[in-house]
Amino acid sequence: MCTVPSVVSWSFPSPLRRLVPCCPAGPGRGCPTARAAPDKQPSDVDVVAAVAVCVLIWLVGRLAGVDFTVKNPGQPEMVIGLAPVVFVAFLASLLGWGVLALLERLTRRRAAVVWTVLAVVVALVSLAPVAATDATAGAKVALGAMHLAVAAVLVALLPTRTR
């Protein structure tokens, strides 16, 4: 008997895998049916989910009457509309995905743990500009929630897809 390669997912229950010898002829030639393991890469659904949560928070804020006008020191007033919300959430999600992919290449075993810690730290640090900006309390709460929502969705979805 030989061991089953990790890239092959056998079609029968796990306790039976040990009882079935590997077939030198390969799957489909008198051997148990084998299929490729599902793709372990994060999907674009993860990025879309992070963006969708931000859009939802922005819409709820808008419907609740939140004024998304912000003024940062040394800059003119700016209204945070839907387009910047989508763009920044999308970019942050892609950046998180890219960092995870890089960590997987560099650290292999601890990539998910290192990435999760890094994502939490970045999310918390990203709240500093929100706190420092001149805006209404509702805008600060909504913007802070958006920052934390992107982090929460990505932390929940990205590392689990790569285990």
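Basis for what follows: all heavy atoms, side chains included, without hydrogens, waters or symmetry-related copies.
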Does any part of the side chain of Val113, heavy atoms only, come nearer than 4.5 Å to the side chain of Thr107, both counted from C-beta? no
Testing the basics here: between Asp46 and Leu154, what is the closest heavy-atom pair and its distance to 0.1 Å? O-CD2, 4.0 Å
Do you know which two heavy atoms are closest between Val150 and Ala92, and how far apart they sit? CG1-CB, 4.4 Å
Spatial distance of atom CG (Leu124) from atom NE2 (His147) [nearest 0.5 Å]: 12.0 Å
Please name the pair of heavy atoms, one in Val86 and one in Val55, separated by the smallest distance, quoted to 0.1 Å. CG2-CG2, 3.6 Å
Can you see which heavy atom on Lys140 is nearest to which on Thr133, and at what distance? CE-O, 2.9 Å
Side chain to side chain contact (heavy atoms under 4.5 Å, CB included) between Val66 and Val141, worked out: CA-CA 10 Å; Val66 172; Val141 168; over 6 Å; no
Taking Phe68's backbone N and O only, do any of them form a donor-acceptor pair with Trp58's side chain (distance below 3.5 Å, no angle check)? no
Find out if a path of hydrophobic residues (ILVMFWY) with successive side-chain heavy-atom gaps under 4.5 Å connects Leu157 to Leu118. yes
Can you tell me how far the CD atom of Gln75 sits from the CG atom of Asp134, to the nearest 0.5 Å? 12.5 Å
Can you tell me how far the CG atom of Leu143 sits from the SG atom of Cys54, to the nearest 0.5 Å? 9.5 Å
Side chain of Trp115, backbone of Gly96: donor and acceptor closer than 3.5 Å? yes
Hydrophobic cluster identity match, Phe90 and Val99, side-chain contacts under 4.5 Å: yes
If every non-hydrogen atom of Val70 is compared with every non-hydrogen atom of Ala135, which pair is closest and at what distance? CG1-CB, 3.6 Å
Rounded to the nearest 0.5 Å, how far does CG of Leu59 lie from CG of Leu82? 6.0 Å
Rounded to the nearest 0.5 angstrom, the CG-CD distance for Leu102 and Glu104 is 9.5 Å
Kindly work out whether a path of hydrophobic side-chain contacts (I/L/V/M/F/W/Y, heavy atoms less than 4.5 Å apart) joins Trp97 to Val121. no
Can you hop from Met78 to Val85 via hydrophobic side chains spaced under 4.5 Å? yes
So which atom in Ala111 and which in Leu100 form the shortest heavy-atom distance, rounded to 0.1 Å? O-CD1, 4.1 Å
